[in-house]
Protein chains: 2
Amino acid sequence: MRKRNAFRPKTEEEVVFLETLKSEHLRLPAGADIIHPEQNGAELYTVFSGWAFRYKELPDGRRQILSIALPGDLLGLQASLFEKALYGAIALTDVELCLIPRRKLWSIFERMPAFAYDLTWLAAQSEAILDENLLTVGRRSAAERIASLFAGLFKRAEALGLVHDRTLVFPLTQQHVADALGLSLVHTNKTMARLKSLGLFALADGKLTIDNPRAMARFAQHFEKELSPRPIL
Amino acid sequence: MRKRNAFRPKTEEEVVFLETLKSEHLRLPAGADIIHPEQNGAELYTVFSGWAFRYKELPDGRRQILSIALPGDLLGLQASLFEKALYGAIALTDVELCLIPRRKLWSIFERMPAFAYDLTWLAAQSEAILDENLLTVGRRSAAERIASLFAGLFKRAEALGLVHDRTLVFPLTQQHVADALGLSLVHTNKTMARLKSLGLFALADGKLTIDNPRAMARFAQHFEKELSPRPIL
DNA sequence: CGCAGGCTTGATGCTAATCAATCGACGTGG
DNA sequence: CCACGTCGATTGATTAGCATCAAGCCTGCG
C-alpha cells in the first residue's frame, strides 16, 4: 500500500481518464484569478507548471495568503466539494493547470479508487502545510517566519527539481511575503534586509539563493521531516 | 451527488464495516494524549463525544493549537496516511473515539467509495477550518481573534446540538485560547475581560453564553457561510 | 494546612504597525 | 527623447499593541 505511488496508472479507465485530462489543459497569465472568492461551483485543478497562491481576505482589505501552490499541488478541492469557494486563488507566474471536472469527482471515487486515494493523500498533505503555516504565523518571530517560509518553499522546490545551483526562481514580492506571514510590508522589508546581511540568503532579480539550507532551517526553528514520495497528478 | 449525505449506509459491506467500528470504541480521560507528536503509525479516529485539540510545538516550548475537534470530526488523517504524525492531539474532556484502523484505509477506497468520499469531504472541511484559523491568527487583532474563535466554536457546537439556552459547555482554559490564537496568556486574559465587559459574551464555570451571536460575528469580522450538511462518521 | 492550577492585575519594554517619503527600474505616449 | 505614472523596494520617525515580568487571589484537594 505504501508504494502505491509507484504503479499508479493501471486501470484501462484510468489511462483513458488521464488522457482526457491532458486535453483539458489551460493556461493563465501571471496575476490571473484562478478561483474567485465566493465563486460558485469552482473546478478542481492541479498545477502543472508555475506558481499560485490561495488567500482569504477581510471586508476591510486585510489579506492573508494561506498557502503557495507549486507544480503538482491541487487547487480547489474545497471549492469543488462544497458549493462555494471559501477562498481565492491567483496565479503568481504564468501557469498551466490541468482541469479535473467537478462533476466527475464522484465517479472517480466510484471507479478509480487509486486516483481517489491520491486525491485524499494530497489533501492531507496540504493540510500538513497549513498546520506548519499556522505554527509559523502564530508562534514564530518575524525573522523566524521569513526564514521558515523561505526554507519551506526552498525544500519543496528542490524536491521538484526547481533548484539549480542553490538558486530558485522566486516570484513572490515582499508584499506577498508579508501577506503570507501576517506581517506589515515595511517590517517585512526591514527584517528581510537584516537576514540578508546575516548572509542567510540572497534575493535579487526574482531569484532566491540559499547557500546553507541547514543553517536557514535551524534559524527558523523549522524542523520538518523529509517529504515522502508523492502521488503525481 | 450533493445529497449523498442523506443515504449513506448502503452497501452490505458498509453496514458490516460500521458494525465493526462500533466495537472499536475507545474512551480516554481529559488530558490524555490521543496522538503523540512524532508518533509512528498513528490510527485514524473520529470523535464520537467530547472535545480534543491538535497542536504543534517548537523545540523551545512555544505551542500552537491548530484546531479544535468536536464530535464528528476526524483525527489523525495525516498521521495515518503518512508514516509519522506531524502534530499531537490531546483530549480536552473525556472523549469517546471510534477507531478506523489505518491498515483498512486502502480497502475502504477500494470497496466503499461512498465512505472514502466522506473521508475526503471531512478532510476538505478541516482544511477550510484551518484556512479560517490562519486568517484569524495572521490578520485579526487580539480582540477579533477571541471573538472569532468563540463565534466559530459556538456555531459548530450549535450545529451539533451542543448549545442549550444560548450556552455551551466550554472546556478551554485561557491558556488554550492563547495557544490557539497566537497570543500570550496575560494579554488573552485582559482582552477577554474587556470583551466580557462589553457584554459580547459571558464565560464562567466552564460555560460560555453568547446572547447575540450575530453581534459577536460582526465584531470578529467573521463571516463564514452556513455549515452545509456533513457526512456522519 | 499546604499546594497546585487557573484566573487577575499592574508595571515595563520590545516588537512590529503605521505614517510618510524617496528611489530605481520600467513602460508608455507625446 | 523625455516627462510621466506605476510598481516594487527602501528608509526614518513615531506609536500602539502585545509580550514579559512579577505578584497576588481564588478554589479544590490530598
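Here is how names work: the chains are called A, B, and so on, in the same order as the sequence lines, proteins then strands, and each is numbered from 1. Because only heavy atoms are used, hydrogens play no part in the values below, and waters and symmetry mates are left out as well, while side chains stay in. All values reported here derive from a predicted model rather than from experimental measurement.
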Under 3.5 Å between N/O atoms: give me all the protein pairs with nucleotides 3-10 of chain C, atom names plus distance.
residue : atom : partner  : partner atom : Å
C:dC7   : OP2  : B:Gln174 : N            : 3.0
C:dT8   : OP2  : B:Gln174 : NE2          : 2.7
C:dT8   : OP2  : B:Asn189 : ND2          : 2.9
C:dG10  : N7   : B:Lys190 : NZ           : 3.1

(request) Rounded to the nearest 0.5 Å, what's the gap from CG on B:Leu66 to OH on B:Tyr87? Could you check? (result)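 If I round to the nearest 0.5 Å, the distance is 9.0 Å.
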(message) Measuring from atom CG of B:Leu99 to atom CG of B:Leu75, what distance do you get when rounded to the nearest 0.5 angstrom?
(response)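 That separation rounds to 12.0 Å.
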How long is the line joining [atom1] of [X] and [atom2] of [N], in whole Å?
X        : N      : atom1 : atom2 : value
A:Leu92  : D:dG8  : CG    : P     : 12 Å
A:Arg139 : D:dT20 : CZ    : C1'   : 13 Å
B:Leu183 : D:dG17 : CG    : C1'   : 11 Å
B:Arg145 : D:dC18 : CZ    : P     : 7 Å
A:Asp205 : D:dG8  : CG    : P     : 15 Å
A:Glu144 : D:dA19 : CD    : P     : 15 Å
A:Lys207 : D:dG8  : NZ    : P     : 19 Å
A:Arg194 : D:dT11 : CZ    : C1'   : 16 Å

(request) Remember a base hit wins even if backbone is also touched, and classify A:Gly182 as base, sugar-phosphate or nothing at under 4.0 Å, heavy atoms. (result)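 Sugar-phosphate: the residue A:Gly182, judged by heavy atoms under 4.0 Å, touches backbone atoms but no base.
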(message) What contact category does A:Ser141 fall into here, base, sugar-phosphate, or nothing, at under 4.0 angstrom with non-hydrogen atoms?
(response)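 Sugar-phosphate, backbone atoms only, no base.
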Output all residues satisfying side chain to side chain donor-acceptor pair (under 3.5 Å) with [X], sequence neighbours left out; order by chain, then residue number.
X        : result
A:Arg27  : A:Glu96
B:Asp60  : B:Arg62
B:Asn189 : B:Gln174

(request) Starting from the first five and the last five pairs of the helix from C:dC1-D:dG30 to C:dG30-D:dC1, work out the angle between the resulting helix axes, to 10 degrees. (result)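 Computed angle between terminal axes is 20°.
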Each nucleotide N or O in nucleotides 27-30 of chain D that has a protein N or O under 3.5 Å away: list the pair and distance.
none

(request) Begin from the C-alpha positions of B:Ile90 and B:Phe53 and carry the test side-chain contact (heavy atoms from CB on, under 4.5 Å) through to its verdict. (result) CA-CA 6 Å; B:Ile90 293 183; B:Phe53 66 91; 3.8 Å; yes
(message) Please find the pair of heavy atoms, one from A:Leu81 and one from A:Arg102, that lie closest to each other, and give the distance.
(response)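 Minimum heavy-atom separation between A:Leu81 and A:Arg102: N-NH2, 4.5 Å.
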(message) Does atom NE2 (A:His36) have a neighbourhood of more than 12 heavy atoms from anything else shown, all under 6.0 Å?
(response)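 No, because the 6.0 Å sphere around NE2 of A:His36 holds 12 heavy atoms or fewer from other groups.
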(message) Please determine whether the number of non-hydrogen atoms from other residues, nucleotides or ligands lying under 6.0 Å from atom NZ of A:Lys207 exceeds 12.
(response)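 Counting neighbours around NZ of A:Lys207, 12 or fewer heavy atoms of other residues, nucleotides or ligands fall under 6.0 Å, so no.
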(message) Is a donor from one side chain sitting under 3.5 angstrom from an acceptor on the other, for B:Gln78 and A:Asp131?
(response)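 A pair is found: one side chain offers a donor N or O, the other an acceptor, under 3.5 Å apart.
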(message) I'd like to know if the side chain of A:Ser67 pairs up with that of A:Arg54 as donor and acceptor (distance under 3.5 Å, no hydrogens or angles considered).
(response)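 Short answer, yes.
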